[in-house]
Protein chains: 2
Amino acid sequence: MPKKTFFNLSVSKRELIEAVAIDEFAANSYRGASISQIVAKAGIAKGSFYQYFVDKRDLYNHILSIVQTCKIEMVKDMTPPSSVMDTFGYLRWMIQVAVMFELKHPKLAKIEQDAFLENPLANESEPGEQEATDATVRFRDFLTQGIMHDDIAPWVDIDMAAFFLASVYHQIGQYLIARMADKANAIANGSVDIAFDPLTQDLFDNLMDLVEAGIAREPQIRKDYYSK
Amino acid sequence: MPKKTFFNLSVSKRELIEAVAIDEFAANSYRGASISQIVAKAGIAKGSFYQYFVDKRDLYNHILSIVQTCKIEMVKDMTPPSSVMDTFGYLRWMIQVAVMFELKHPKLAKIEQDAFLENPLANESEPGEQEATDATVRFRDFLTQGIMHDDIAPWVDIDMAAFFLASVYHQIGQYLIARMADKANAIANGSVDIAFDPLTQDLFDNLMDLVEAGIAREPQIRKDYYSK
DNA sequence: CATTTTTATGACTGAGCGGTCGTATTCTAA
DNA sequence: TTAGAATACGACCGCTCAGTCATAAAAATG
């Protein structure tokens with residue numbers, strides 16, 4: 001945790017330091033990020049930095065907690081109007097949150113992904129009341145429920161499928177950004193909001209259909225399944 | 001390219017240097033890898049290293065070419081006996097190669113993945129006669145063919161699905177290793193070959209079924225499709 | 001043998017890193 | 001106004017890094 005001196009700072013200065021750190025970590029990941037660069041860009045002295053933070057890892061952890069907070073707030077904001085929702089509606093919502101997060105906060109998403117790659121275990125924050133935020137765990141719960149509700153094919157290996165969904169979940173945002181590259185200018189100047197662009201919606205729907213129904217025109221496994 | 005001095009070295013010394021470099025790059029990726037560490041572990045002088053290689057990047061490129069060569073050889077070895085193969089048999093084979101490579105050469109696979117993350121464009125080697133090795137491109141071709149042969153559902157967005165397959169392709173090996181962690185000892189002492197373990201085969205089959213048929217018990221998209 | 005070319009060596013350079021510390025400034029409060 | 005606490009500061013430390021270079025050893029050549 002940052003020292004209390006950091007929280008005594010004016011909000012603007014604190015947010016400036018955080019913003020500079022987010023830029024640096026997003027661009028260079030933990031190892032490549034430089035405290036010297038951060039203090040230079042934030043216009044503070046090296047010594048001041050160490051009045052605010054114990055060390056580099058302390059700052060990094062603080063930034064990670066910002067990422068978490070930001071993501072949780074996005075989840076809250078996107079809570080669907082209807083609390084009654086079928087299995088795949090829920091799946092769609094879960095993944096949509098990840099996509100939104102990546103589209104709206106690409107730097108934070110980059111930091112999160114780097115952190116995940118560095119340490120794939122990472123169960124962060126107090127284990128007390130907060131529910132698990134790890135995507136794989138959430139997908140496993142989802143699949144278990146889905147099979148109980150007869151929505152998901154019973155031959156599916158839950159653990160494998162959870163991994164499979166998580167890998168899509170972690171990468172789809174980047175793909176959409178790349179796919180929309182030709183509209184990059186329009187997105188940059190704000191005349192197009194990538195998150196609500198019809199093409200984004202179409203692609204997202206197509207991916208969800210793909211997850212639900214597979215890519216085969218007449219899947220053998222499905223024939224076997226219905227012939228029983 | 002390494003200098004000719006490097007290729008004048010005895011095979012054993014050359015392979016020692018390459019093996020040490022592979023360890024270092026696999027463990028620390030390009031940025032974190034240290035030439036000082038490599039020369040120390042290989043038992044050569046710093047100056048000698050720079051008789052062999054132009055710079056760090058030169059060594060790295062050489063290692064990447066080893067990775068490519070190794071992978072291509074594995075592809076050749078795994079060429080299926082029957083040249084006649086249906087669409088999904090071919091898909092299964094493509095992904096199986098990736099899995100095998102990751103299981104048999106985890107360090108090389110790690111290096112390849114790091115390189116991919118650093119620069120997702122990376123069309124390596126001479127563009128002359130060699131076919132594209134980038135997985136996404138190969139999947140796109142595969143899907144195009146599949147739709148032409150009426151094996152793949154026509155509503156599938158080819159570009160999106162190619163990305164989707166590539167993301168699975170790049171991660172499935174790591175998942176299998178993690179999933180087999182309880183057999184780690186048996187694998188390490190050679191009494192179990194992870195690549196041919198029945199559980200590995202089952203999981204792989206399950207994943208392929210999932211890609212073909214989706215996870216839904218009765219996919220809506222498929223009902224729509226057949227009702228037309 | 002002598003001469004020339006090739007290879008091996010490790011001390012060294014300059015730069016950047018995370019982190020420290022004595023001092024200067026600013027703030028707080030009596 | 002002044003004493004003391006909190007904060008700001010940047011030169012500096014020890015270290016590691018990629019890369020260089022003068023020199024020495026070894027190999028090849030004649």
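Protein chains get the first letters and strands the later ones, always in sequence-line order, with residue 1 at the start of each.
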Discussion item. Students often get this wrong, so: under 4.0 angstrom with heavy atoms, is A:F53 touching a base, only sugar-phosphate, or nothing?
Written reply: nothing
Response to the item:
To the nearest angstrom, the OH-P distance between B:Y30 and D:dA18 comes to 8 Å
Worksheet item: Near B:K107 NZ, under 6.0 Å, is it more than 12 heavy atoms from other residues, nucleotides or ligands?
Response: no
Worksheet item: Hey, is the side chain of A:Y50 poking within less than 4.0 Å of OP1 or OP2 on C:dT20, counting only N and O atoms?
Response: no
Fill in: Nucleotide C:dC17, atom C1' - distance to NZ of A:K46 in whole Å
7 Å
Item to complete: Under 4.0 Å between any heavy atoms, over every strand shown, what does B:A40 touch: base, sugar-phosphate, or nothing? Just pick one.
Response: nothing
Worksheet item: CD of A:Q51 versus C1' of C:dG22: gap in Å, rounded?
Response: 12 Å
Discussion item. Parallel, tilted or perpendicular: which one describes the rings of B:F139 and B:F142, with boundaries at 30° and 60°?
Written reply: perpendicular
Discussion item. Assuming nearest nucleotide by heavy-atom distance, tell me which of B:G47 and A:S36 is located more 5' along DNA chain C.
Written reply: B:G47
Worksheet item: Using a cut-off of less than 4.0 Å, is there contact between a side-chain N or O of B:K56 and OP1 or OP2 of D:dA18?
Response: yes
Item to complete: Using only side-chain N and O atoms of B:N8, determine if any of them is under 4.0 Å from OP1 or OP2 of C:dT7.
Response: yes
Fill in: Sugar-phosphate, base or nothing in reach of A:F6, heavy atoms under 4.0 Å
nothing
Practice prompt. Take atom CZ of A:F25 and atom C1' of C:dG18, then tell me their distance rounded to the nearest Å.
Written response: 12 Å
Worksheet item: Can you tell me how far P of D:dA28 sits from NZ of B:K4, to the nearest Å?
Response: 13 Å
Practice prompt. Quickly work out the B:R31 CZ to D:dA18 C1' distance and round it to whole Å.
Written response: 14 Å
Discussion item. I need the CZ-P distance between A:R57 and C:dC17, as an integer number of Å.
Written reply: 17 Å
Discussion item. Checking contacts here: which listed nucleotide (C:dT7, C:dC17, C:dG19) is nearest the side-chain heavy atoms of A:S34?
Written reply: C:dC17
Worksheet item: What's the closest nucleotide to the B:A45 side chain, out of C:dC17, D:dA18, C:dG10?
Response: C:dG10
Item to complete: Could you label the plane-to-plane angle of the B:Y30 and B:Y60 rings as parallel, tilted or perpendicular, counting under 30° as parallel and over 60° as perpendicular?
Response: tilted
Discussion item. Output the rounded distance in Å from CD (A:Q37) to P (D:dG10).
Written reply: 16 Å
Item to complete: For the residue pair A:Y52 and A:F6, categorise the inter-ring angle as parallel (less than 30°), tilted (30 to 60°) or perpendicular (more than 60°).
Response: tilted
Item to complete: Establish, with yes or no, whether the OP1 or OP2 oxygen of C:dT9 is under 4.0 angstrom from a side-chain nitrogen or oxygen of B:S48.
Response: yes
Worksheet item: Considering only heavy atoms from C-beta outward, does the side chain of A:F163 approach that of B:V168 to under 4.5 Å?
Response: no
Worksheet item: Taking only side-chain nitrogens and oxygens of A:K13, does any of them come within less than 4.0 Å of OP1 or OP2 of D:dA8?
Response: yes
